[in-house]
Amino acid sequence: MVRAEGVHKSFGSVQVLKGVDLEVAPGEVVCVIGPSGSGKSTFLRCVNHLEKIDAGRLWVDGHLVGYRERGGKLHELRDREVAAQRRDIGMVFQRFNLFPHMTALENVVEAPTGVKGLRKDAARTRGVELLERVGLGERVHNYPNQLSGGQQQRVAIARALAMEPKLMLFDEPTSALDPELVGEVLDVMRELAESGMTMVVVTHEMGFAREVGDTVVFMDDGVVVEAGDPRRVLTDPQHPRTRAFLSKVL
């Protein structure tokens with residue numbers, strides 16, 4: 001579903017990604033861990049072309065992300081073409097980014113009606129189903145300021161699912177939450193994983209990575225240092241840098 005080859009990204013003179021190679025199979029849950037500043041979130045944003053890569057190649061479901069290749073050269077897609085690619089990629093951010101003037105249900109149905117052209121009645125029916133799926137069936141008419149952080153993040157997940165994506169990206173989805181609210185969001189993500197959704201999750205939740213992840217990827221200084229089965233990587237890391245990191249967070 002995702003293939004990255006030699007992905008580089010710099011911001012000015014700061015090189016953030018220094019040649020990331022990664023593959024994610026359909027239905028696989030890949031948890032990306034590592035210290036702050038290691039390039040995890042930047043890589044995730046490159047997967048749906050929120051950040052343009054400087055070198056390398058990124059494919060989602062067999063299609064180059066953000067570019068087409070002609071004669072061995074990359075040509076950037078037009079904004080409309082990039083937006084069309086993003087329809088298949090759901091993303092959940094650290095901050096919930098809900099529209100504050102819309103109810104939970106209105107937040108969920110906005111993209112299917114505005115982008116996909118889905119009829120409003122069908123979108124609302126689907127939106128209620130999704131909000132029920134994330135445990136918010138009784139909150140469909142609440143506004144974001146009437147919801148807890150965990151509830152807002154679950155609305156954000158439902159909103160992403162409303163576009164029926166092939167791939168879900170999670171950028172530290174629990175880092176802005178009070179500790180007691182983390183579990184309710186992780187439970188929704190766990191259910192998603194069990195349903196077969198392909199997921200790339202940047203996270204500091206090592207328990208979630210161990211229990212739900214099919215693969216754990218440890219990034220540091222802009223590269224993938226180590227990747228493999230979560231139980232092996234988290235309990236018997238092979239690389240000294242991975243061991244040093246895990247000794248401080250486990």
Side-chain angles (χ1 to χ4, degrees), residues 1-32 34 37-94 97 109-118 123 126 156-157 159-173 192-193 196-202 214-215 217 219 221-225 227:
M1 184 60 74
V2 180
R3 182 156 62 100
E5 291 184 357
V7 172
H8 287 72
K9 174 65 182 176
S10 296
F11 295 99
S13 61
V14 180
Q15 196 174 9
V16 178
L17 301 178
K18 303 177 181 178
V20 174
D21 297 304
L22 184 67
E23 291 192 4
V24 182
E28 186 177 14
V29 178
V30 172
C31 293
V32 185
S38 59
K40 309 183 301 296
S41 294
T42 298
F43 174 73
L44 210 63
R45 292 172 63 85
C46 289
V47 172
N48 64 358
H49 206 59
L50 286 175
E51 299 290 354
K52 301 176 184 179
I53 64 175
D54 299 321
R57 300 285 191 278
L58 258 172
W59 292 265
V60 171
D61 198 23
H63 300 285
L64 267 177
V65 174
Y67 300 91
R68 65 170 50 89
E69 190 166 1
R70 289 196 195 116
K73 292 185 177 181
L74 293 182
H75 302 270
E76 190 168 7
L77 298 179
R78 295 190 292 269
D79 289 346
R80 180 174 293 184
E81 294 171 304
V82 172
Q85 286 187 332
R86 288 199 189 112
R87 294 178 192 176
D88 293 328
I89 305 172
M91 187 158 185
V92 178
F93 300 86
Q94 296 179 37
N97 295 331
V109 303
E110 176 70 12
T113 54
V115 177
K116 280 193 166 182
L118 195 65
R126 173 70 172 151
I157 294 172
R159 181 177 61 179
L161 292 175
M163 292 294 285
E164 300 182 329
K166 301 175 182 176
L167 169 69
M168 284 286 286
L169 308 175
F170 293 86
D171 186 9
E172 298 187 26
L192 261 185
M197 175 63 74
T198 309
M199 299 163 59
V200 182
V201 184
V202 171
D214 298 301
T215 301
V217 173
M219 284 185 65
D221 197 27
V223 297
V224 173
V225 175

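For the single chain, residues carry numbers from 1 onward in sequence order.
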Beyond-backbone contact of [X] with [Y], side-chain heavy atoms, under 4.5 angstrom:
| X | Y | value |
| --- | --- | --- |
| Pro173 | Gln94 | no |
| Leu64 | Leu74 | yes |
| Met219 | Val32 | yes |
| Lys116 | Glu164 | yes |
| Asp214 | Val30 | no |
| Met168 | Leu161 | yes |
| Met163 | Pro112 | yes |
| Met199 | Leu192 | yes |

### Task
Take Phe93 and Glu172 through the test side chain to side chain contact (heavy atoms under 4.5 Å, CB included) and record every step on the way to the result.
CA-CA 7 Å; Phe93 300 86; Glu172 298 187 26; over 6 Å; no
Atom of [X], atom of [Y] and distance for their closest heavy-atom approach:
| X | Y | value |
| --- | --- | --- |
| Cys46 | Val65 | O-CG1, 4.0 Å |
| Ala160 | Val92 | CB-CG2, 4.3 Å |
| Val47 | Ile89 | O-CD1, 3.8 Å |
| Val217 | Ala227 | CG2-CB, 4.0 Å |

### Message
Walk me through whether Val60 and Leu167 qualify under side chain to side chain contact (heavy atoms under 4.5 Å, CB included).
### Response
CA-CA 8 Å; Val60 171; Leu167 169 69; 4.2 Å; yes
### Task
Let me know which of His75, Glu81, Glu76 forms a side chain to side chain donor-acceptor pair (under 3.5 Å) with Arg68.
Glu81
### Task
Decide whether Glu28 and Thr198 meet the rule of one side-chain donor and one side-chain acceptor closer than 3.5 Å.
no
Check residues 14-23 and write down every donor-acceptor pair under 3.5 Å in which the side-chain atom is one partner and the other belongs to a residue at least two apart or another chain.
{"from": "Lys18", "atom 1": "NZ", "to": "Asp221", "atom 2": "OD1", "distance (Å)": "2.9"}
{"from": "Lys18", "atom 1": "NZ", "to": "Asp221", "atom 2": "OD2", "distance (Å)": "3.2"}
{"from": "Asp21", "atom 1": "OD1", "to": "Gly6", "atom 2": "N", "distance (Å)": "2.7"}

### Task
In plain terms, say whether Arg159 and Glu110 are close enough for a salt bridge, that is, a side-chain N and a carboxylate O under 4.0 Å apart.
no
#### Entry: Nearest-0.5 Å distance, CD of residue Glu51 to OG of residue Ser41
10.5 Å
### Query
In Å, rounded to the nearest 0.5 Å, how long is the span from CG of Asn97 to CE of Met91?
10.0 Å
### CA sep, side-chain torsions, deciding dist, call: Phe170, Ile157, side chain to side chain contact (heavy atoms under 4.5 Å, CB included)
CA-CA 9 Å; Phe170 293 86; Ile157 294 172; 4.0 Å; yes
### Task
Would you please name every residue forming a side chain to side chain contact (heavy atoms under 4.5 Å, CB included) with Asp54, sequence neighbours left out?
Lys9, Ser10
#### Entry: Non-neighbouring partners of Tyr67 that pass ring pair (Phe, Tyr, Trp, His ring centres under 6.0 Å), sequence neighbours left out
His49
Taking side-chain hydrogen bond (donor to acceptor under 3.5 Å, both in side chains) as the definition, give me every residue that meets it alongside [X], ordered by chain and number, with sequence neighbours left out.
| X | answer |
| --- | --- |
| Arg86 | none |
| Thr113 | none |
| Gln85 | none |

### Query
Checking Lys166 side chain against Met1 main chain: does a donor-acceptor pair fall under 3.5 Å?
no
### Query
When you look at Ile53 and Phe43, which way does the side chain to side chain contact (heavy atoms under 4.5 Å, CB included) test go after all the steps?
CA-CA 9 Å; Ile53 64 175; Phe43 174 73; over 6 Å; no
